[in-house]
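What you see below is based on every heavy atom in this structure, not just the backbone, and it leaves out hydrogens, waters and symmetry mates. Residue indices begin at 1 and follow the sequence shown. Given the structure is predicted, the values throughout are model-derived calculations rather than measurements.
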Amino acid sequence: MLLALTGAVALCGPAPAGAATLRINESMCHAVSDLGKGDAEINALRYVCAGSPDDYQQRSLWLRTDLRQIGVGRGGAALMVHHSRFDRLAVAFSYADGTVRWQQVRHGNYGLHWRTGGQIVFEAPERSVPLIAVTMRFDRLASHELVRAHLLSRDQSGLRSAGMAAVVGAALTLLLVSCIYSLSLAIAVRRQYLAWQAAWAAAMLLWGGLWSQVHLALLPSMAGTVSARICTFLACLAIALATASAVTGLDRSGISRRIRVATLGLGLTVGVAGIPLALMQSGDIDRWADLLGLVILGDLVAVASCLLWAWRRGSPEARDFAASWGLPMAILAFINLVDVDDNFWGGGSKLLILVAATWQALWLSAAATRRLAHLRIERDRARAAEAQARELAGRDPLTGLSNRRGFIENVTSLLDRARSDRLPAALLVVDIDRFKSINDIYGHEAGDKVLCTIAHRLAQWEGPACAAARLGGEEFGVLAIGMEGVALDRFAESMRREIAACDHSETIGDRLVTVSVGVAEVQPACDFQRLYRIADHALYEAKHAGRDQVVLQRFASGVGSTSDYPMEDLRLAGTAR
């Protein structure tokens, strides 16, 4: 859509063949009269074709064009006038037979004469006699410098109106999307510069809507001076908001505080200056507008300095803002130095500003999205690294089983489920018999291989209701829920026998490696620390009884400390070796 918009603007260059741009002292003569003089006295006035009109802002300014001198055709002509600050505009079409046909618009009532793109169109009635003159009468015109008029055929007028409507519609749509998107981002990530950016896009959207007159379809009473004044204020406000967005979007360490404050001050000055300039109806409005233009140029220079300063310090935000501000800065500087209001199908500088604002809004939105995407990627990487570090912190690096810390974290959810479902829980503490002698005889590397072999066998019992871990040294732990009685006895004895059957021949030859198992069964489940104390006590009994056996202690859960658990059963299983 942006490509179509900029392409359309490129086609809106100089006026097409057959169109005439009307200027005071070139193709228009002027006269000034009191407001009480009637329109019928159009030919009784003394028109002057040199110099500038004076003393007209509270009176009537007449501008007359002799079509015989500029070579514009007969009937079917249309006059396009850019809307401005006036109380009334009456247009007279004079014909060779002396007939004069009048059309008029007033402040607050443009009727069907308004067109998208800030134009007011008057179509000359088609008659068989030539059209020889066109006269415009402005009542209480703010400034003759604001008068922009073109005389062209009806077909050309329709083509201009359609082209301007397409360009303006596309630009306003993109500005609306950018405004909503920037505001959503500002709320989501709580970044100040995005809020300023959304406010700037909103100001430009309102300015573009009022300047192009699309609002007159719903609010026809706002035609004329009211819209023109609001446009002036919004234009200044938009510059102030854009300045705030650019400065607050840069890292504070990237630019000096003095430059930052000076730039924000210039932007604020432009915004505040828009209030009296918008309220002015008479006086030297052109001089104040020229003075404001110099302040705007100063603001642009200050913003450019901030961007360059931050860019040299490696700020990525500065590069994004420089790319987005490049085109608007160039256009604002250009239109403050060169008058282009007669170009681009009558849209002139206003249309260029609207297109530049659209470019800036889209670029800033894309840059903010890209920056947030990078932040999200970095956040995801940090979370993945954190999760990996947390996983490694809870994992035994030698055997790959959970360590004591990870085991406690894993079994907490299992014990919570067992308590909520009133299920029994059993902790099996497995300790390798005479492991120190393996390290002493065969070396620590062989001992590590023995640990890994046993850990691999224990890992095969892990599942939704069972977790295994290396608790430290040659001690392992297995927690199972939902298993009790004979089933638990057989499970513990099977574990002892299968570990004893592990093949360690490549490491320690035909030496048999056995384990002692202490089992704590509690119903319903209690916390891990109590289970471990009971199982550790059972393991001590197994070691004391001769090793390579299982000792199981079965308790019924009570309330209070471990000593409050009454012992129901204590027995020894297995054969001492």
Side-chain angles (χ1 to χ4, degrees), residues 388 391-415 417-418 423-435 438 442 445-522 525 528 531-532 535-536 538-539 542 547-552 573-575 577:
Q388 184 178 11
E391 175 68 16
L392 292 176
R395 185 72 57 180
D396 177 49
L398 175 63
T399 64
L401 292 178
S402 297
N403 58 21
R404 188 185 188 93
R405 172 183 175 182
F407 186 58
I408 294 175
E409 292 178 355
N410 293 336
V411 302
T412 298
S413 59
L414 288 176
L415 292 174
R417 177 153 62 94
L423 297 175
L427 176 63
L428 293 77
V429 178
V430 180
D431 189 86
I432 302 176
D433 296 328
R434 298 183 175 90
F435 182 73
I438 296 176
Y442 301 99
E445 183 178 354
D448 290 344
K449 290 182 179 180
V450 170
L451 290 173
C452 290
T453 300
I454 295 176
H456 178 72
R457 187 66 192 88
L458 290 175
Q460 297 180 15
W461 280 296
E462 286 193 301
C466 187
R470 181 188 179 191
L471 300 180
E474 64 271 21
E475 186 176 275
F476 298 87
V478 177
L479 179 80
I481 63 172
M483 189 182 300
E484 59 181 332
V486 176
L488 180 61
D489 296 344
R490 291 177 178 176
F491 175 71
E493 181 62 20
S494 173
M495 180 181 294
R496 182 191 67 80
R497 290 183 177 182
E498 291 193 26
I499 291 176
C502 288
D503 182 13
H504 305 284
S505 58
E506 294 184 1
T507 305
I508 58 175
D510 58 355
R511 174 169 176 165
L512 183 67
V513 179
T514 63
V515 294
S516 300
V517 183
V519 183
E521 178 191 346
V522 178
F528 174 78
L531 273 174
Y532 183 76
D536 189 60
L539 177 65
R547 299 181 178 86
D548 189 20
Q549 55 188 282
V550 176
V551 172
L552 186 148
T575 303
R577 294 176 182 269

Counting C-beta onward and ignoring hydrogens, is there a side-chain heavy-atom pair between [X] and [Y] closer than 4.5 Å?
X	Y	value
I432	L451	yes
V450	Y442	no
I438	H504	no

Minimum heavy-atom separation for [X] to [Y], with atom names?
X	Y	answer
S402	A469	O-CB, 3.1 Å
I499	V430	CD1-CG1, 4.1 Å
A492	V519	CB-CG2, 3.9 Å
A465	L414	CA-CD2, 4.3 Å
T399	A455	CB-CB, 3.5 Å
V478	C466	CG1-SG, 3.5 Å

| Do the charged groups of E493 and R496 touch, with an N to O distance under 4.0 Å? | yes
| message | Applying side-chain contact (heavy atoms from CB on, under 4.5 Å) to Q549 and T514, what does each step give before you reach the verdict? | response | CA-CA 9 Å; Q549 55 188 282; T514 63; over 6 Å; no
[atom1]-[atom2] distance between [X] and [Y], expressed to the nearest 0.5 angstrom:
X	Y	atom1	atom2	answer
D536	L531	CG	CG	12.0 Å
F407	L471	CZ	CG	6.0 Å
L401	H456	CG	NE2	10.5 Å
I408	L479	CD1	CG	11.5 Å
L552	L428	CG	CG	8.0 Å
N410	L415	CG	CG	11.0 Å

| message | Applying side-chain contact (heavy atoms from CB on, under 4.5 Å) to D489 and V550, what does each step give before you reach the verdict? | response | CA-CA 9 Å; D489 296 344; V550 176; over 6 Å; no
| Think R404 forms a cation-pi with Y532, using NZ or CZ under 6.0 Å from the six-ring centre and within 45 degrees of its axis? | yes
| remark: So salt bridge (charged side-chain N to carboxylate O under 4.0 Å, His left out) across residues 459-482, not counting sequence neighbours, yields D396-R470
| query | Is the number of heavy atoms from other residues, nucleotides or ligands within 6.0 Å of CD (Q460) greater than 12? | reply |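 Result for CD/Q460: enclosed.
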| task | Output, in order, the C-alpha distance, side-chain angles, deciding distance and verdict of side-chain contact (heavy atoms from CB on, under 4.5 Å) for R547 and R434. | result | CA-CA 9 Å; R547 299 181 178 86; R434 298 183 175 90; 3.3 Å; yes
| request: Apply side-chain contact (heavy atoms from CB on, under 4.5 Å) to the pair F435 and V513, showing each step before the final yes or no. | output: CA-CA 8 Å; F435 182 73; V513 179; over 6 Å; no
| said: Check whether S516 reaches the backbone of D548 with its side chain - one donor and one acceptor, N or O, closer than 3.5 Å. | reply: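 Flag set: sc S516 to bb D548 pair under 3.5 Å.
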| message | Tell me every residue that passes salt bridge (charged side-chain N to carboxylate O under 4.0 Å, His left out) with R405, counting only those two or more places apart in sequence or in another chain. | response |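 Result, salt bridge (charged side-chain N to carboxylate O under 4.0 Å, His left out) vs R405: E409.
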